[in-house]
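Structure first, commentary second.
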Amino acid sequence: MILVTGVSGRLGGAVLAGLRAAGGLATAGASSSGDGATARLADFDRPETLAPAFAGVDVLVFVSAGYAEDDVVLARHGAVVRAATAAGVRHVIYTSLAGSGERLTIALAHRWTEARLAEAPFDVTVLRNGLYAEIPAGLAMAGAAAAAAGGVFTAPLGDGRLSVVARDDLAAVAVRVAAEAQADLASGASGASGAPGASGRHVGRTYELEGVEAVGGRELAEALAEALGRPVQYRPVPLGEARAALTGLEPYQAGHTMSTFSNIGAGLLEGRGGHLTAFLDAPRPVRGLVVASVQSALAGQR
Ligand SMILES: NC(=O)c1ccc[n+]([C@@H]2O[C@H](COP(=O)([O-])OP(=O)(O)OC[C@H]3O[C@@H](n4cnc5c(N)ncnc54)[C@H](OP(=O)(O)O)[C@@H]3O)[C@@H](O)[C@H]2O)c1
């Protein structure tokens, strides 16, 4: 049996839907309501929920629960690794962070979790997910009103660009890896099945799922121009100005947001290729997603 955690989230929900659409027997794990009667309660903040949630699970799709301070995330993820070990889960697939994000503040919890998984007795596959296309789309949407009024898009990105990927593409990779891991266990092809010398296709693998398309301030200004039907120029703003303008965020989010801006400006978030195209013939075009997000936000304001 495959269990997907975090199914009320957008990534976990898409992975669960994809597995079920492919005809697989996938069970939902959720920290709260989930999808009703078919969901198992799997709240990483309440480790006592994890033993019953993981009972009888062969393949666990462990979706990171990273929206919190580092100490909270480490406690959550440590609890998952211990519970999966105790329950005898055979293969854990963890949604981590791409290599280009190594210097982001959010990398700490992901790399710590990868290290705990590497020490565990079960098979592991690490999906090092690239940053979501929603990040630049959100920046463009935030700048849409000013761009519409004055033809200028401001953002603290310098000349840097970031490689991003559609969340649905990351979900599609997770679906395929989980289904194949389950099939390998069922056929005895996986090491965790006990067959001597056997190894499943994804056992011990770390996949770098960097986006293949990079966008920066200029590309976002072009997307805004397309969505607004008027010329838009990009004007970079200093990090200090961006920090002073941050509002409405949890304290930990402010740190992660500034870290993302710093990394983009330093040119560190432009990927150098990876495994995405080994799984997907044609990753979804990011620029189109940004334009569509801005257009839908503008339509909602009318
Ligand atoms: N690659 C990127 O650009 C990027 C950006 C932001 C975040 N992330 C990471 O990717 C994860 C999934 O992204 P998403 O788009 O699905 O985020 P999302 O839609 O905001 O969902 C948040 C996720 O956190 C889970 N969660 C929160 N508290 C939990 C708890 N106590 N126990 C178990 N799960 C808990 C939720 O699961 P429940 O259904 O159990 O509540 C849900 O799956 C995030 O949680 C974050 O770690 C990646």
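Count residues from 1 along the sequence. Both counts, for ligands and for their atoms, begin at 1 and track the order of listing.
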**OP:** With atom 12 (C) of ligand 1 as the reference point, say which of Tyr67, Phe62, Tyr132, Phe44 has the nearest heavy atom.
**Re:** Tyr132
**OP:** Applying salt bridge (charged side-chain N to carboxylate O under 4.0 Å, His left out), run through Asp159 and Arg218 and close with a yes or a no.
**Re:** CA-CA 8 Å; Asp159 292 326; Arg218 281 177 196 83; 3.2 Å; yes
**OP:** Heavy-atom contacts with Asp43 under 4.0 Å: which atoms of ligand 1 show up? List them by number with element.
**Re:** 30 (C), 31 (N), 32 (N)
**OP:** Would you mind listing which atoms of ligand 1 come within a distance below 4.0 Å of any non-hydrogen atom of Ile135?
**Re:** 3 (O)
Subject >> For Thr125, all residues meeting side-chain hydrogen bond (donor to acceptor under 3.5 Å, both in side chains), sequence neighbours excluded >> reply: His91
Original post:
Using heavy atoms and a threshold below 4.0 Å, how should the contact between Ala42 and ligand 1 be classified: side chain, backbone, both, or neither?
Top reply: backbone
Original post:
Does an N or O from Gly29, backbone or side chain, lie closer than 3.5 Å to an N or O of ligand 1?
Top reply: no
Original post:
Heavy-atom count around Arg103 CZ within 6.0 Å, excluding the residue itself: above 12?
Top reply: no
Subject >> Pair Glu270-Ser163, side-chain donor/acceptor within less than 3.5 Å >> reply: no
Original post:
Does an N or O anywhere in Arg10 fall below 3.5 Å from an N or O of ligand 1?
Top reply: yes
Original post:
Is Gly66 in polar range of ligand 1, meaning some N or O pair under 3.5 Å apart?
Top reply: yes
Original post:
For Val80 and Tyr94, what are the C-alpha separation, side-chain angles and deciding distance, and is it a side chain to side chain contact (heavy atoms under 4.5 Å, CB included)?
Top reply: CA-CA 11 Å; Val80 172; Tyr94 172 63; over 6 Å; no
Subject >> Sub-4.0 Å atoms of ligand 1 with respect to non-hydrogen atoms of Val63 >> reply: 12 (C)
**OP:** Run the numbers for me: atoms of ligand 1, each under 4.0 Å from some heavy atom of Ser64, listed by number.
**Re:** 9 (C), 10 (O), 11 (C), 44 (C), 45 (O), 46 (C), 47 (O)
Original post:
Does atom CZ of Arg243 have more than 12 heavy-atom neighbours, drawn from other residues, nucleotides or ligands, at distances under 6.0 Å?
Top reply: no
Original post:
Above 12 or not: heavy atoms from other molecules or residues under 6.0 Å from CD of Gln233?
Top reply: no
Subject >> Salt-bridge criterion met for Glu210 and Arg128 (N-O under 4.0 Å) >> reply: no
Original post:
Does any N/O atom on Gly130 come nearer than 3.5 Å to any N/O atom on ligand 1?
Top reply: yes
**OP:** Using distance alone, decide if ligand 1 has a nitrogen or oxygen within less than 3.5 Å of any nitrogen or oxygen in Ser31.
**Re:** yes
Original post:
So which bit of Arg167 gets within less than 4.0 Å of ligand 1, heavy atoms only: side chain, backbone, both or neither?
Top reply: side chain
Subject >> Non-hydrogen side-chain atoms of Val59 and Ile93 separated by less than 4.5 Å >> reply: yes
Original post:
Just distances here: any N/O of Asp45 and N/O of ligand 1 closer than 3.5 Å?
Top reply: yes
